[in-house]
Amino acid sequence: MDNTDWFETLREKGQGVVDALGLGHRPWMQEFAQLGSVGYAQGWHERNGGNASMRLTTEEVVALRYYTTTNQQNPWVPLGVEVPAMAEECLLVTAAGCAMERVAQDPARFMGLVQIDGTGAYGRVLWGFEGGGRPTSELASHVVIQGARKEASDGASRVVYHCHPRVIAALGSVWPEDKALITTRLWKMMTEAIMVFPEGLGLVPCEVPGSLELAEATAEEARTHRAIVWSRHGLLATGNSCEDAFGLAHVVVKAAEIYRDACALAGGPDLPYLMTTAELKRLAAGLNICLNEACLAE
Ligand code: 13P
Ligand code: ZN
């Protein structure tokens, strides 16, 4: 089943619940809510692990005005980071502590709309987080990544998806915190990898989850990478749509799983027939792909 099928199946399953809230005719909202369900089906979300954000278009914000007008008096709260590129933007984000597979079942409780002020340093809740909830503890990281990707993509990138695939966390104990080495190993695992992430993977060394240090280190990587590994923690994948971000995460995780399987078959990390870097370059040239030299190792 490819990603499109996943989304179609889950869209049908979630339809009734989302419709009950009057949100069913907004497929963009359903797709966002269902990111958690499709990630859960992959085993990428344990307990409250993972979160997501989507930067809304003006039309989408207007479509929610019926739900947001009563919340215009909510206080502005410091984000802990200042991201001018995100001034006046609105982000749909998942709630702190929520189980990602439940977001589509109760969108008004497990997600919410955060408006960012004109400086990019404060946010306020316009809708959602019903029952006393609040935005994800990784909100600062979402805001800095959204800002960096918005600038890098000329406004096209709108989704940030964070998940905890076990293979990504496991490899943190096996490979060094070196993004060129990690990227090149994954590029060599399957021909699809260079097509899907030719700019390579960003890498942030192990940091305290939810911290400003993590957000700041991630901001730097997000300028040049659409997918970022948080060492010993998980993965962030970004995209122009939910399918785009999820598909990117799927390919990164699959390449990592192939690496894990190859190491298991070989009885260790020395793979006897590992693709050479010359072969990798030949494939890239044949596909007209420009590999990011900063992520290319032997
Ligand atoms: P939240 O429940 O606050 O979103 O945290 C989950 C997580 O994955 C932290 O990195
Ligand atoms: Zn996490």
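Quick caveat, the model's predicted, so the values are computed rather than measured. The first residue of the sequence shown is numbered 1, and numbering continues consecutively from there.
Between Tyr259 and Leu186, the closest side-chain pair of non-hydrogen atoms falls below 4.5 Å. Between Glu199 and Cys295, the closest side-chain pair of non-hydrogen atoms is not below 4.5 Å. Leu92 has its side chain out of reach of Ser53: every pair of non-hydrogen atoms, C-beta onward, lies at least 4.5 Å apart. Asp178 is not listed as a side-chain neighbour of Leu203, based on a closest heavy-atom distance of 4.5 Å or more. Counting only heavy atoms from C-beta outward, the side chains of Met29 and Pro107 never approach each other to under 4.5 Å. The shortest distance between side-chain heavy atoms of Thr57 and Trp28 does not fall below 4.5 Å. Side chains of Leu287 and Met195 form a contact here, defined as non-hydrogen atoms less than 4.5 Å apart. At least one side-chain heavy atom of Arg158 sits under 4.5 Å from a side-chain heavy atom of Glu60.
Using a 3.5 Å distance cut-off with no hydrogens or angles, the side chains of Glu82 and Thr119 do not pair a donor with an acceptor. Side chains of Glu101 and Ser37: no donor on one and acceptor on the other come within 3.5 Å. Between Trp230 and Thr218, the side chains place a donor N or O and an acceptor N or O closer than 3.5 Å (distance only, hydrogens not considered).
Residues Gly200 and Thr183 approach most closely at CA-CG2, 3.4 Å, considering heavy atoms. Taking both residues in full, the closest heavy atoms of Gly36 and His45 are given as O-CD2, 3.6 Å, listed atom of the first, atom of the second, then distance. The two atoms that bring Val103 and Cys98 nearest to each other are CG2-SG, 3.9 Å, heavy atoms only. Closest non-hydrogen pair, Ala215 versus Val144, comes out as O-CG2, 3.3 Å. Closest approach of Val61 to Cys90, counting heavy atoms only: CG2-CB, 3.7 Å. Between Glu177 and Cys206, the closest heavy-atom pair is OE2-N, 3.3 Å.
Looking only at distances, a side-chain donor or acceptor of Asn74 sits under 3.5 Å from a matching main-chain atom of Val125. Judged by distance alone, with hydrogens and angles left aside, the side-chain atoms of Glu138 form no donor-acceptor pair with the main-chain N or O of Asn51 at under 3.5 Å. With Arg232 contributing its side chain and Gly172 its backbone, the two residues share a donor-acceptor pair below 3.5 Å. Side chain of Lys150 to main chain of Ala156: no donor-acceptor pair is present (N/O by atom type, distance under 3.5 Å, no hydrogens or angles). Listed for the Ser211 side chain is a donor-acceptor partner under 3.5 Å among the backbone atoms of Val208. In this structure a side-chain-to-backbone donor-acceptor pair under 3.5 Å is present from Arg149 to Ala222.
Atom CD1 in Ile258 sits 8.0 Å away from atom CE in Met189 (nearest 0.5 Å). Atom CG of Leu171 sits about 9.5 Å away from atom CZ of Arg185, to the nearest 0.5 Å. Rounding to the nearest 0.5 Å gives a distance of 10.0 Å between CE of Met190 and CD of Glu257. Between the CZ atom of Arg55 and the CD atom of Glu89 there is a distance of 4.5 Å, given to the nearest 0.5 Å. If you take CG on Leu113 and CD on Gln115, they are separated by 8.0 Å, rounding to the nearest 0.5 Å. To the nearest 0.5 Å, atom NE2 of residue His225 and atom CD1 of residue Ile145 are 12.5 Å apart.
Under the 30°/60° scheme for interplanar angles, the aromatic rings of His233 and His162 are found to stand perpendicular.
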Before you tell me yes or no, could you show the steps for Thr136 and His142 under side-chain contact (heavy atoms from CB on, under 4.5 Å), namely the whole-Å CA-CA distance, both residues' side-chain angles and the distance that decides it to 0.1 Å? CA-CA 9 Å; Thr136 170; His142 279 269; 4.1 Å; yes
How far apart are the C-alpha atoms of Leu91 and Val143, what are their side-chain angles, what is the distance that settles it, and do they pass the side-chain contact (heavy atoms from CB on, under 4.5 Å) test? CA-CA 8 Å; Leu91 282 184; Val143 174; 4.0 Å; yes
side-chain contact (heavy atoms from CB on, under 4.5 Å), that's the test. Do Tyr122 and Val77 meet it? Break it down for me. CA-CA 5 Å; Tyr122 292 82; Val77 177; 5.8 Å; no
Would you please test Lys188 and Glu279 for salt bridge (charged side-chain N to carboxylate O under 4.0 Å, His left out) and show each step? CA-CA 9 Å; Lys188 289 179 176 181; Glu279 177 66 357; over 6 Å; no
Val93 and Leu139: side-chain contact (heavy atoms from CB on, under 4.5 Å), yes or no, with the steps? CA-CA 8 Å; Val93 295; Leu139 181 63; 4.0 Å; yes
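Clustering ILVMFWY residues whenever any of their side-chain heavy atoms sit less than 4.5 angstrom apart, transitively, puts Leu271 in a cluster other than the one holding Leu181. In the hydrophobic clustering of this structure, Leu274 groups with Trp175; members are Ile, Leu, Val, Met, Phe, Trp, Tyr whose side-chain heavy atoms approach within less than 4.5 Å, directly or through other members. Linking Ile, Leu, Val, Met, Phe, Trp and Tyr residues whenever their side-chain heavy atoms come within less than 4.5 Å leaves Tyr161 and Tyr40 in two separate clusters. Residues Ile289 and Met275 share a hydrophobic cluster, clusters being chains of Ile/Leu/Val/Met/Phe/Trp/Tyr side chains in contact below 4.5 Å. By the criterion of side-chain heavy atoms lying less than 4.5 angstrom apart, applied directly or through intervening Ile, Leu, Val, Met, Phe, Trp or Tyr residues, Leu280 is grouped together with Val196 in one hydrophobic cluster.
The residue from Asn240, Thr238, Val252 that alone fulfils the side-chain contact (heavy atoms from CB on, under 4.5 Å) condition with Arg226 is Thr238.
Other residues, nucleotides and ligands contribute more than 12 heavy atoms inside 6.0 Å of the CZ atom of Phe129. The neighbour count for Arg166 CZ, taken as heavy atoms of other residues, nucleotides or ligands under 6.0 Å away, does not exceed 12.
Aromatic pair Phe246/Trp44: centroids less than 6.0 angstrom apart.
Taking the charged nitrogens against the carboxylate oxygens, Glu130 and Arg109 have no contact shorter than 4.0 Å, which rules out a salt bridge.
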